[in-house]
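Some notes on the structure that comes next.
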Amino acid sequence: MDIFSELNEAQKSAVLHTEGPVLILAGAGSGKTRTIVSRMAYLMKEKGVVPWHILAVTFTNKAAKEMKERIGELMEGNADGIWVSTFHSACLRILFRHAGLLGYPDNFEIADAADQKALLKEVYKDMSVDPKRYPEKMTAREISRAKDELMSPENFAEASKGDFSLEMVAEIYRAYQASLKRNASMDFDDLIMNTVRLFQEYPDVLDHWQERFQYILVDEYQDTNTAQFTLLKLLASKYKNLCVVGDDDQSIYRFRGANIYNILDFEKYYPGAKVVRLEENYRSTGNILSAANAVISKNRLRKTKTLWTSKAAGDRISFRQLDSPMGEASFIADDIKSKVSCKEAEYGDFAVLVRTNIQTKEIEDAFRINHISYDVVKGLRFWDTKVIKDLTSYLLTVAGSANDVRTVRIINLPRRGIGPSTVEKLLHFAREYGISLLEACGDKGRPIPISSNTRSKVRSFYDLIVKIRKETEGFPFSSILEKIIDETDYMNYLLQEAESKEKYEEMRQYIDKLKETLDSYEAETDNPDIVDFMRQNGLEGNALDKNSEDGTEKNRVLIMTMHNAKGLEFPYVYMAGAEEGLFPGYSAISMEDPMEMEEERRLCYVAITRAKKKLTISCARQRMVRGELKYASTSRFMKEIPANLLDTIERPQRATRYERKLSPERESAHEAFIEKPLAFSKEFQQLKKGGQIGGRKPDYEEGDSVQHFKFGQGKVLSIKAGERDYEVTVDFETVGVRKMFAGFAKLKKI
DNA sequence: GAAGGCGGTCTTTTT
DNA sequence: GACCGCCTTC
């Protein structure tokens, strides 16, 4: 394939300028990815740069994956060895080789959001900090911000001298870092900060990686924080071949530490940098682009650029003000339905963008009432789910990876009568003797100051872990997981905890997904190791993509936040909740910080430019805020769109919508679709009482050939009756002899 | 000492 | 409306 055949002039010059620093200012929908990928291909094909010397960094796994695929296509598979990864996983791979230099063991782990919270709680307890005076959330944010800014606890303490509460935060930060280290863990921010530290403290290590990565490409550069900026600066300082791609107008992660000046002042930091502007938009109609340009032009802090298109003006932008969020939601639902029923579009063509997650509720309700299939793109990530955290904690503990955070998590889960005060005592004991919490649980000889009754409970927890460990030696991870679920009666616990059948089913699906992931990992990896597995996956983003992978239905309306929509495009886009106080948000208005307001405006720009064909903006006159009905005026961003681009309908056609929603029939129809509380679902109650079914005798025998969904075909060597389930040993053609539990393995006789 | 219920608090966005 | 900590009960 010819690299240049599909590129415009600006894109071509971005590709051809291979040496020295380059800033590609890529407007929304301007063929950014195509340009980067072509540039990499050009480097390899024409300039003879070996893949080994190229590093491409992105923010999301999704972007990395897409880039990898496209470069693979363009290079016909000759691009192996090129590093295309997120900041975090690139740092992980680097740190992995030099962990010892920083005083970490080689098998260090990654502490995710939940681990951080647990650790912070411990620190609060140890230091007797009042969480009311220092809310954990705020402290966590300050610590994260400090790391983004490459501030060590010492720097932080220095900078906060004189401010009593900040000094306290500095103390907490210091203790938090200590307990991370004690647990041989790094949190997400540490991955970047420690890599920078590594490079700064060990010039020879830095030199090695500079030689390795002679050409560096960075995607979404406007989202980099100080730590990432410094990391790139260090890596690129030898060869100076740093090519960054980004759009200052799409910088929407300030709250996460992103520093817009990194891109605005690129030429200052990299003198002589070549700047290329990609302004031709291939995505949206003329009217949509004009609206986007008009809104963003109100920002002062930006590098001017104007998107243009050769496309027609297209439809005008619809704007509708409704009375309530319910009215707004049913307007959107009706609108989508009418477009679908006249075959103008199908469900998969639509996206509803909201500012905050709370807004999705009414929209979901309206979609359910109207039988519109939809999906909410949730912020919640698979690996942060409670079920997954629970089970992986067990898995790691069984595997012998002692970590107190995990032990605390599972020691009383399901309930086995070991409460907080016992855990507290055990922890103290463990510290005193320099052993892990788990070891403390199994300690017979030493006098843990707890009652004999509790002691036996603690003891049996320890025995349980040891038992599972012994009985599953050499089993595939998914089978160990099954054994854990079985021995702890975990499914029954979930059933009792679940507030609805749907929630329970959802959690069961998560478990299936975990098993699947474990099996694929094991089938693909030479020396499968559960700690390695967790490290790999802890950095993986939303694995909760219900409809993309094995999904049956892809044709759904997507509901998501504007942040989540970045990088995506849809023929029809609804921007819901265009009200002062919601969008722009209350804090942006009250803080009177122009930076905040400009960030909100950029978010608006991102939202508008997601639309290819038609943009519909809506808002409600009143909305419930903290239980109170509040009146809201139309968003200022709406007023920034020139009137001639708008198709405004002043009053809702049917002002009765709000009442209609409240009418008795409507109300009952509505209720039928709202998730039923437990008490109403007899079936679910019954399910709870019944508990889980144990293992049934399999329908295959020794010597039979069977099919496993991941490991393929195999021959049954033996079937043994275990305590609760049948233990089957199978010789697979692909992976050899494996033991597994019949009830879970779902082996099919062939 | 553990478990469950009650009342007070706080709402942006998350790799 | 959801979450968390505190308080009461067993």
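Note on naming: letters A, B, ... go to the chains in the order of the sequence lines (proteins, then strands), and numbering restarts at 1 for each one.
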Which of residues 246-261 of chain A have a heavy atom under 4.0 Å from DNA chain B? A:F255, A:R256
Mind checking ring pair (Phe, Tyr, Trp, His ring centres under 6.0 Å) for [X] and listing every partner two or more places apart, or none if nothing turns up?
X      : result
A:F255 : A:Y253, A:H563
A:F87  : A:F59
A:F637 : A:F583

Any base atoms under 4.0 Å from A:K137, or only sugar-phosphate, or nothing? Heavy atoms, all strands. nothing
Check every strand shown and say whether A:T561 touches a base, only sugar-phosphate, or nothing at a heavy-atom separation below 4.0 Å. sugar-phosphate
In whole angstrom, what separates [X]'s [atom1] from [N]'s [atom2]?
X      : N      : atom1 : atom2 : value
A:N453 : C:dC10 : CG    : P     : 20 Å
A:D187 : B:dT14 : CG    : C1'   : 14 Å
A:Q359 : B:dT13 : CD    : C1'   : 12 Å
A:R601 : B:dT12 : CZ    : P     : 21 Å
A:F583 : B:dT13 : CZ    : P     : 13 Å
A:K361 : B:dT12 : NZ    : C1'   : 19 Å
A:N564 : B:dT12 : CG    : C1'   : 12 Å
A:R145 : B:dT13 : CZ    : P     : 15 Å

N or O in side chain of A:K566 less than 4.0 angstrom from B:dT14 OP1/OP2: no
For a quick test of reading the model: is some side-chain N or O of A:N357 closer than 4.0 Å to OP1 or OP2 of B:dT13? yes
Got a donor-acceptor contact below 3.5 angstrom from the A:D249 side chain to the A:R602 backbone? no
Is there any salt bridge (Lys or Arg N to Asp or Glu O under 4.0 Å) pair reaching into residues 250-263 of chain A, and which pairs are they, with sequence neighbours excluded? A:R254-A:D593, A:R254-A:E596
Walking DNA chain B from its 5' end, the first of A:S144 and A:E596 to be reached, judged by nearest nucleotide, is A:E596
[X]: what forms a salt bridge (Lys or Arg N to Asp or Glu O under 4.0 Å) with it, not counting sequence neighbours?
X      : value
A:E136 : none
A:E69  : none
A:D189 : none

Whether the A:Q250 and A:Y605 side chains hold a donor-acceptor pair (N or O, under 3.5 Å, no angle test) is what I'd like checked. no
Considering only the C1' atoms, how many Å lie between B:dT12 and C:dG5, rounded to the nearest integer? 24 Å
Can you name the atoms? Protein N/O to nucleotides 2-9 of chain B N/O, anything below 3.5 Å, with the distance.
| residue | atom | partner | partner atom | Å |
| --- | --- | --- | --- | --- |
| B:dA2 | OP1 | A:G419 | N | 2.5 |
| B:dA2 | OP1 | A:T422 | OG1 | 2.3 |
| B:dA2 | OP2 | A:S421 | N | 3.2 |
| B:dA2 | OP2 | A:S421 | OG | 2.7 |
| B:dA2 | O5' | A:G419 | N | 3.3 |
| B:dA3 | OP1 | A:G417 | N | 3.3 |
| B:dA3 | OP2 | A:N412 | ND2 | 3.0 |
| B:dG4 | OP2 | A:R415 | NH1 | 3.2 |

Enumerate all atom pairs, one protein N or O and one N or O from nucleotides 2-4 of chain C, separated by less than 3.5 Å.
| residue | atom | partner | partner atom | Å |
| --- | --- | --- | --- | --- |
| C:dC4 | OP1 | A:K117 | NZ | 3.0 |

State which residues pass side-chain contact (heavy atoms from CB on, under 4.5 Å) with A:S85; sequence neighbours excluded, sorted by chain then number. A:S89, A:A90
With sequence neighbours left out, what residues match A:A440 under side-chain contact (heavy atoms from CB on, under 4.5 Å)? A:F429, A:A430, A:I435
Relative to A:F108, does A:R535 satisfy both conditions: NZ or CZ under 6.0 angstrom from the six-membered ring centre, and within 45 degrees of the ring's axis? yes
